[in-house]
Amino acid sequence: MRFFALLLATFCLPAGAQEKSGAEVYDSTCSQCHGGGKNGAPIFGNRQHWGKLVREGLNDLVPTALVGIRKMPARGGNPALSDGEVAGAVIHMANAGGGRFPEPTPADLARWRQKADKRLKK
């Protein structure tokens, strides 16, 4: 059911509304902490900091970014970001840290949303 709501929301975006790229989201939101390691955030481009996270994979990283962890707020503190924009930023940062992740599919986004929702219920 959640997948269909996400799919419907995607088609109901106003004309001209376009999602930001992962790099754009990183620059506007994520770089505030990941640019310099604020509050222990893994630093962008640092393979040593990102290595373990890259090995954990996107099925853990993206849901974590959606709901937040430790001092990182949900969606990096920007509630206006879509799930796709958050996922794109995570992929952008993980790939800069040594990952080789492709752009997410709608099925990926739906799966990550489900995992994030389960984490919120705990």
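Just so you know, these numbers use all the heavy atoms, side chains as well, and skip hydrogens, waters and symmetry mates.
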Evaluation steps, salt bridge (Lys or Arg N to Asp or Glu O under 4.0 Å), between Asp60 and Arg55:
CA-CA 10 Å; Asp60 188 50; Arg55 286 189 299 277; over 6 Å; no
Where do Trp50 and Ala94 come nearest, in terms of heavy atoms and distance?
CE3-CA, 4.0 Å
Phe101 and Val54, any side-chain heavy atoms less than 4.5 Å apart
yes
Euclidean distance, Ser21 OG relative to Asp27 CG, rounded to 0.5 Å:
7.5 Å
So CD of Glu85 and NE2 of His92: to nearest 0.5 Å the spacing works out to 14.0 Å
Closest approach of Val67 to Ala116 (non-hydrogen atoms, all atoms of both residues):
CG1-O, 3.4 Å
Pairs where residues 66-77 contributes a residue and the test side chain to side chain donor-acceptor pair (under 3.5 Å) is met, not counting sequence neighbours:
Arg75-Asp83
Tell me who clusters with Ile43, hydrophobic residues only, linked when side chains sit under 4.5 Å apart either directly or through other members.
none
Please name the pair of heavy atoms, one in Pro42 and one in Leu53, separated by the smallest distance, quoted to 0.1 Å.
CG-CD1, 3.5 Å
Nearest non-hydrogen partners of Leu109 and Gly84, listed with the distance:
CD2-CA, 3.8 Å
Rounding to 0.5 Å, atoms CG (Asn39) and NE2 (His34) come to a distance of 10.0 Å
Can you give me the closest heavy-atom contact between Arg47 and Gly98, atom names plus distance?
NH1-CA, 3.4 Å
Hey, are the side chains of Val25 and Leu81 touching, using non-hydrogen atoms and a 4.5 Å cut-off?
yes
If you round to the nearest 0.5 Å, how far is CG of Asn78 from CD of Gln32?
9.0 Å
Can you find a heavy atom in the side chain of Met72 that is under 4.5 Å from one in the side chain of Cys33?
no
Using every non-hydrogen atom in the two residues, find where Tyr26 and Gly35 come nearest and quote the distance to one decimal.
OH-CA, 3.5 Å
After noting the C-alpha distance and the side-chain angles of Glu103 and Asp108, does the key distance pass the side chain to side chain contact (heavy atoms under 4.5 Å, CB included) rule?
CA-CA 9 Å; Glu103 291 300 311; Asp108 292 330; over 6 Å; no
Should the pair Arg113-Asp117 be classified as a salt bridge under the 4.0 Å nitrogen-to-oxygen rule?
yes
